[in-house]
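In what follows, residues are counted from 1 in the order of the sequence shown.
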Amino acid sequence: MTKHLPRLVLVLAAVSVLFPFLALFSAALQPQTELSPGLKWPSDPQWGNFATAWTTAGFGSLLKSSAVIAMGVVPIALILATLAGYGLASMRLRVKGPLFATLMLGMALPYEAIVIPLYYDLRSVGLLNTYWAVILPLIGLFMPFGVYWMRTHFESLPHELTEAAAVDGAGSWRTLTKVLLPTAGPALTTLGLLYFMWAWNQFLLALVLIQDPAMRTAPSGLGKFVQQFGQNIPLLSAGTIIVITPIVLLYLFFQRHFIKGILQGAVK
């Protein structure tokens, strides 16, 4: 019995994760007149609920906006976090400690507290109601965690790598690009997935900084959809599945790299 306990725990954990998704999918296929679907497979699945939710909420333009914002945030944030993490981990700087501590304070700052000043700043430079109004603040908000993540990765690498590169005459840039970055695949993949998920799920900044409803993110559009169809549980469930599907598919595609990146520090 004892040797089967870990498997039993894993099975229970998997069931606890899958149960909400199964309940959501089952609710999305119920007739729209059903107010409390519960966890039961409908006798006549209403697959048209997905088409109705897609058309009514305009998820085509909303998903496009989420993709544009996420694809704008991820590469820039990854590059900046990698450069800053490498600098704080490898270079000799007198202010390295205070600089890193100041940067980490950003992780404790709730971005809800700066939305109003951010609104007026972006309006003064003419970026309000554009994708950049969300992309640029998100890059800044993601920097503290990204720098901490990449700094931890570079510090976990054997010092012999950088020493050997220095002996061969490699400078800082060549050491980073030719020696250290090839080892950072799992760390960068995991960080990129987290960045993409956070940018895709952005709600408040898109709601405040973008006035055009068609340019807002899918979660913010889903919030308006909830206000419009608050009592229509099947339609709301269908809309929720549409919004979360890209994130789920992306995670399933990169799950090995994601898990490897999460465990990399512990293994080393």
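- Hydrophobic clustering (ILVMFWY, side-chain heavy atoms < 4.5 Å, transitive): Tyr131 and Val125 are in one cluster.
- Under a cut-off of 6.0 angstrom, the local environment of CE in Met71 is sparse, with at most 12 non-hydrogen atoms contributed by other residues, nucleotides or ligands.
- Between Phe19 and Leu22 there is no side-chain heavy-atom pair separated by less than 4.5 Å.
- Interatomic distance, CE of Met150 versus CG of Leu181, reported as 7.0 Å (0.5 Å rounding).
- Remark: Phe50 CZ to Thr245 OG1 distance equals 7.5 Å, nearest 0.5 Å.
- Tyr86 places a side-chain N or O within 3.5 Å of a backbone atom of Ser172 that can act as its donor or acceptor partner.
- When all heavy atoms of Ser220 and Ala206 are compared, the closest pair comes out as OG-CB, 4.4 Å.
- A distance-only check finds a donor-acceptor pair linking the side chain of Trp200 to the backbone of Val243 [under 3.5 Å].
- A continuous path of ILVMFWY side-chain contacts below 4.5 Å connects Leu122 to Ile116, so both sit in one hydrophobic cluster.
- With hydrogens and angles disregarded, a donor-acceptor distance shorter than 3.5 Å links the side chain of Asn49 to the backbone of Gln30.
- Under a 3.5 Å cut-off, the side chain of Arg216 and the backbone N or O of Ile210 do form a donor-acceptor pair.
- When each of Trp149, Tyr195, Phe196, Tyr148 is paired with Phe142, the ring-ring contact (aromatic ring centres under 6.0 Å, His included) condition holds for Tyr195 and for no other.
- Atom CG of Leu136 sits about 7.0 Å away from atom CD1 of Ile76, to the nearest 0.5 Å.
- Minimum interatomic distance between Val147 and Ala84 (heavy atoms only, all atoms of both residues): CG2-CB, 3.7 Å.
- Listed for the Thr217 side chain is a donor-acceptor partner under 3.5 Å among the backbone atoms of Gln202.
- For the pair Ala218 and Leu63, the tightest heavy-atom approach, listed with the atom from each and the gap, is CB-CD2, 3.7 Å.
- Leu127 approaches Ala133 most closely through the heavy-atom pair O-CB, 3.2 Å.
- Summarising the geometry of Pro137 relative to Leu205, their closest heavy-atom pair is CB-CD1, 4.2 Å, with the distance given to 0.1 Å.
- A single hydrophobic cluster is seen to contain both Tyr120 and Leu204, as judged by linkage of ILVMFWY side chains at heavy-atom distances under 4.5 Å, directly or through other members.
- A donor-acceptor pair is defined here as one N or O able to donate and one able to accept, closer than 3.5 Å; such a pair exists between the side chain of Asn129 and the backbone of Asp212.
- Here the side chain of Ser237 pairs no donor or acceptor atom with the backbone of Ser26 at under 3.5 angstrom.
- How far OG1 of Thr82 is from NE2 of His153: 9.0 Å, rounded to the nearest 0.5 Å.
- Under the 4.5 Å side-chain contact rule for hydrophobic residues, Trp173 and Leu80 share a cluster.
- Hydrophobic clustering keeps Leu105 apart from Leu141 (ILVMFWY residues linked when any side-chain heavy atoms are closer than 4.5 Å, directly or through intermediates).
- Of all heavy-atom pairs between Gly239 and Leu222, the closest is C-CD1, 3.9 Å.
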Self-check item: Residue pair Phe253, Leu250: steps toward the side-chain contact (heavy atoms from CB on, under 4.5 Å) verdict
Solution: CA-CA 5 Å; Phe253 186 77; Leu250 194 67; 5.5 Å; no
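- Separation of atoms CG (Asp121) and CD1 (Ile114) is listed at 9.5 Å; rounding is to 0.5 Å.
- Atom CG of Leu249 and atom CD1 of Ile244 lie 10.0 Å apart (nearest 0.5 Å).
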